[in-house]
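Written out below as structure tokens is the structure these notes cover.
Residue numbering restarts at 1 for every chain, and letters A, B, ... go by the order of the sequence lines.
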Amino acid sequence: MKSKIRQLVATALEHMVTAGLLDATTKPIFTVERTRDPSHGDFASNLALILAKPLHLKPRAAAKIIVDAIPSSPIVSHIDVAGPGFINFHIDNTAFLELLSEILTEDANYGRSNQGAGTSIQVEFVSANPTGPLHVGHGRGAAYGSVVANLLETIGFKVHREYYINDAGRQMDILAVSVWIRYLELCGETLKFPSNGYHGDYVWDIAANLHRKHGNDYRHANTEIYFDLPLDAPDGDKEQFIDAMIAKAKKLLGPTNYRKIFNLGLDIILADIRDDLGHFGVHYDTWYYESGLVTSGAIDKCIEQLKQSGYVYENAGALWFKSSAFGDEKDRVVVRENGQSTYFASDIAYHLDKLNRGFDKIIDIWGADHHGYIPRMKAALQALGHDPSKLEVRLVQFVVLYLGKVRVSMSTRSGEFETLRVLRKEVTSEAARFFYVMRTCEQQFDFDLELAKSKSADNPIYYIQYAHARIRSVFRQAAEKGIAVEQGPCPLATLKLLNTAQEQAILRTLSRYPEVVESAALQYEPHQLTYYLQALANEFHVYYNSHTFLVEDAHLRTARLNIIRAVAVVLRNGLNLIGISAPESM
RNA sequence: GCCCUUGUAGCUCAGGGGAUAGAGCGACCGCCUCCUAAGCGGUAGGUCGGCGGUUCGAGUCCGCCCAGGGGUACCA
């Protein structure tokens, strides 16, 4: 609807140019927007305000000329000039009624479009290190990423969902050692757990699994382990200690056995993450292993390419990428003094691989703590001859968990974190998804567990679902009373009975849905959709309270059942985009 | 220090150049013989952090200041 109005205005512009009223070189950037105030019609354009200056006219005078140039359209009943010079379009009521029929015919497809025209777009999200279970912060990225992906798919993009598994770094070695130490404790050895190890209970579970399957196969005496090891914190350096511990584990166990423990930890945690996300309604096309980049030689190849680009130099034994040449605040190390490539190097290779796979656009959804990473990543792509604007990074701010007024700590290391799994069980996956996505992602989010799990009216998800359930209930009532109900649209003459203010408001809101989906998708802002659904649900509840649908008059009844069925369709489509069910009853 | 981000109703937040700044919760007052009261109506509540600019027009854009949060590794 909006695009049709915009087209009318654009045509008027062309007419003005051919009529010699306007220079063809002036390409005004004008808006066509929904009005807030119904007395301003349905759509408003600011074109006259923009054109006033080049035309040397007062805005209202310019508006008159524009209005005269606008071709007539069956969906526009009349056009006003109002306020400082806005052009207001009043949509013919018949157009809304025809749209109602369209919604019922299109059903689950209402809101879909081909705006994306099959452009391929990769959305990488969550990508949490497999060193422990997902926490509530990851949950936000998961909900956000999956809804953004759904939205883009709905408007015609070819979407590829991907999870990048950081299974090659030092953190994974720390996990392997943590598992081994816990295992040794289960074997009966007396050890002090490394202060920099992973303290969570899940490490015990993995160790128990190892012990159950392999008994004492990997056991070494504590004296052997601690021999010639530096001191741990607080008396020594915890980083040095854990690195020495990793080296010791590799030495005592040998590469094969070390790898077994390493892989056991990785596999168990990854399976847990996958299961967790699955229950959360998040599914991926690809689980991409960082280690694959190491074994395939992609990282070495990538470093070689960087060298050839000329943006690399050696300093103090390390290899640096000259990211400052592309706007980063300083240069970054890609190969350390000890010969190991950095996480950044893997990431460059990974992103290079993404582009080589032919995606037109790449969206990375990162935790806000990674924001300093954006300039260097874009710099690397540019140095390697790619268009850095193909990469779009969205940052998801932290979630701060509250239990009532008490702030809950979330550090993975301390083991006191609140996991996504616990959250899902407390508040349900659906409520959690909705809560996560109802706020803009770039703002810190206070998630009050007690509020979210209270099944009260505070929870907007129930409000929306309840509207849907109420509509379905009306149709059940109709069936029980033996009232025949048409599934599809009814004649226009019947729909014309929908003339109350509330019905008019609902029709307008229903017509906005495709615009909301498109805007939410293109701006990566799912919260636009949640706000819309709340507004639609509210209008329905108002309508429900003031009108009876199952009335004697068959025509009126049919018309009303048509409009509420359309409301149900849109509520269901919108909820499904967020990954939430539209219940038949509550 | 430098970079990013946020400051809008008592609380949590929408609105990101347009016409009278909105929603939910909380508070207060009402509405079930009637398709689900997990609902609806009404009232109260604002110098849009501050100052200065840009223009026909500024919560919205720019500059400075104040205040929160984050980042600033040869960690991932």
Side-chain angles (χ1 to χ4, degrees), chain A residues 31 33 35-37 39-40 44-46 49-50 52-53 58-59 82-86 88 127-129 131 166 168-172 174 196 239 290 315-320 328-330 332-347 367-375 395 397-398 400 438-440 442-448 451 455-467 469-478 480-481 483 523 525 527-528 530-532 534-535 537-538 540-551 557 560-561 564 585-586:
Chain A
T31 59
E33 281 170 343
T35 58
R36 263 183 277 170
D37 186 338
S39 71
H40 296 147
S45 178
N46 67 346
L49 297 157
I50 306 286
K53 197 169 254 179
K58 289 189 173 170
F86 287 102
N88 291 339
S127 299
N129 286 351
T131 52
N166 289 116
R170 174 168 171 266
Q171 295 305 320
M172 289 305 295
I174 296 176
N196 209 20
E239 303 291 349
E290 179 190 4
N315 185 29
L319 195 67
W320 296 71
D328 196 8
E329 55 189 27
K330 56 174 283 202
R332 310 291 173 176
V333 170
V334 284
V335 181
R336 277 174 246 166
E337 194 182 359
N338 65 11
Q340 280 196 325
S341 58
T342 60
Y343 169 86
F344 178 45
S346 305
D347 232 10
D369 54 330
H370 285 63
H371 93 84
Y373 233 76
I374 300 172
L395 297 175
Q397 285 287 348
F398 293 122
V400 184
M438 68 190 278
R439 296 277 132 83
T440 58
E442 68 254 21
Q443 254 180 69
Q444 188 180 300
F445 175 40
D446 294 341
F447 198 130
D448 186 341
L451 184 79
K455 271 200 168 184
S456 68
D458 305 359
N459 201 334
I461 185 182
Y462 291 114
Y463 184 80
I464 298 165
Q465 288 184 316
Y466 184 45
R470 265 184 155 175
I471 296 168
R472 301 310 307 161
S473 171
V474 171
F475 284 97
R476 274 195 303 278
Q477 290 283 331
E480 277 169 27
K481 290 180 181 170
I483 299 169
Q523 294 181 64
E525 289 185 348
H527 74 272
Q528 290 186 24
T530 64
Y531 274 84
Y532 170 84
Q534 288 181 79
N538 173 252
F540 169 74
H541 286 307
V542 172
Y543 185 41
Y544 181 95
N545 270 274
S546 56
H547 292 75
T548 305
F549 308 137
L550 299 175
V551 291
R557 187 177 65 224
R560 288 185 174 167
L561 290 179
I564 66 167
S585 66
M586 289 171 76

Donor-acceptor contact present, side-chain A:T35 to main-chain A:A44, <3.5 Å: no
Syn or anti for B:G16 (syn when the glycosidic angle lies within 90° of 0): syn
Sugar-phosphate, base or nothing in reach of A:F344, heavy atoms under 4.0 Å: nothing
Watson-Crick or G-U wobble partner of B:U33, both distances under 3.5 Å: none
A:N545 vs B:C31: side-chain N/O to OP1/OP2 distance below 4.0 Å: no
Side-chain N,O (A:T440) to OP1/OP2 (B:A14) below 4.0 Å: yes
Sugar-phosphate, base or nothing in reach of A:E329, heavy atoms under 4.0 Å: sugar-phosphate
Integer angstrom distance from the C1' of B:G15 to that of B:C61: 16 Å
Length of the CD1-P vector between A:I50 and B:G18, whole Å: 10 Å
Rounded distance in Å - CZ (A:R439) to P (B:G7): 13 Å
Short side-chain N/O contact from A:Y463 to OP1 or OP2 of B:C40, under 4.0 Å: yes
Sugar-phosphate only, base, or nothing, as touched by A:F475 at under 4.0 Å among non-hydrogen atoms: nothing
Any A:R470 side-chain N or O less than 4.0 Å from OP1/OP2 of B:C40: no
Between A:Q171 and A:T131, a side-chain donor and acceptor under 3.5 Å: no
Nearest atoms (heavy-atom pairs only) where A:P375 meets A:D328: CB-OD1, 3.7 Å
Whole-angstrom distance between B:U55 and B:U47, as gauged at atom P: 29 Å
Watson-Crick or G-U counterpart of B:G63, or none if no pair lies under 3.5 Å: B:C51
Touch class at under 4.0 angstrom, heavy-atom based, for A:I374 against every strand present: nothing
base_contact_polar (B:A19 base, A:N88 side chain, donor-acceptor, <3.5 Å): yes
Flag, side chain of A:N538 to backbone of A:Q534, donor-acceptor distance under 3.5 Å: no
Touch class at under 4.0 angstrom, heavy-atom based, for A:D347 against every strand present: nothing
Sugar-phosphate, base or nothing in reach of A:A52, heavy atoms under 4.0 Å: nothing
Mate of B:G1 where both pairing distances stay under 3.5 Å, Watson-Crick or G-U: B:U72
Check: B:G70 base within 3.5 Å donor-acceptor of A:H371 side chain: yes
Nearest-Å distance once atom C1' is located in both B:U5 and B:G49: 15 Å
Sugar-phosphate only, base, or nothing, as touched by A:N46 at under 4.0 Å among non-hydrogen atoms: base
Parallel, tilted or perpendicular: ring planes of A:Y531 versus A:H527, cut at 30 and 60 degrees: perpendicular
Minimum-distance nucleotide to A:W320 side chain [options: B:G18, B:A76, B:C74]: B:C74
Separation of the P atoms in B:A27 and B:C11, to the nearest angstrom: 15 Å
Chi-angle category of B:G42 [syn within 90° of 0, anti beyond]: anti
N/O (side chain, A:R336) to phosphate O (OP1/OP2, B:A73) under 4.0 Å: no
Rounded interatomic separation in angstrom, taking OH from A:Y532 and C1' from B:G22: 18 Å
Side-chain (A:R560) to main-chain (A:T548) donor-acceptor, under 3.5 angstrom: yes
Sugar-phosphate only, base, or nothing, as touched by A:A478 at under 4.0 Å among non-hydrogen atoms: nothing
Sugar-phosphate, base or nothing in reach of A:K53, heavy atoms under 4.0 Å: sugar-phosphate
Inter-nucleotide P distance (B:G42, B:A58), Å rounded: 32 Å
Geometric class of the A:F540/A:Y543 ring pair [parallel <30°, tilted 30-60°, perpendicular >60°]: perpendicular
Between P of B:C40 and CG of A:N538, the distance in whole Å: 6 Å
Atom pair distance, as rounded to whole Å: CZ in A:R36 and P in B:A14: 17 Å
Base orientation of B:C40, syn vs anti, 90° cut from 0: anti
Partner nucleotide, any strand, of B:U43 [Watson-Crick/G-U, under 3.5 Å]: B:A27
Sugar-phosphate, base or nothing in reach of A:H541, heavy atoms under 4.0 Å: sugar-phosphate
Separation between the P atoms of B:C66 and B:C29, rounded to whole Å: 46 Å
Separation between the P atoms of B:G52 and B:G59, rounded to whole Å: 14 Å
Euclidean distance, atom CZ of residue A:F549 to atom P of B:C34 [Å, nearest integer]: 17 Å
Sugar-phosphate only, base, or nothing, as touched by A:T31 at under 4.0 Å among non-hydrogen atoms: nothing
Any donor-acceptor N/O pair, A:R557 side chain to A:L550 backbone, under 3.5 Å: no
Rounded distance (Å) that lies between atom C1' of B:G24 and atom CD1 of A:I461: 15 Å
Which nucleotide in B:U55, B:C74, B:A14 has an atom nearest any side-chain atom of A:H527: B:A14
Donor-acceptor contact present, side-chain A:S45 to main-chain A:T31, <3.5 Å: yes
B:G24 and B:C40, which share atom name C1', separated by this distance in whole Å: 15 Å
Mate of B:C13 where both pairing distances stay under 3.5 Å, Watson-Crick or G-U: B:G22
Touch class at under 4.0 angstrom, heavy-atom based, for A:A316 against every strand present: base
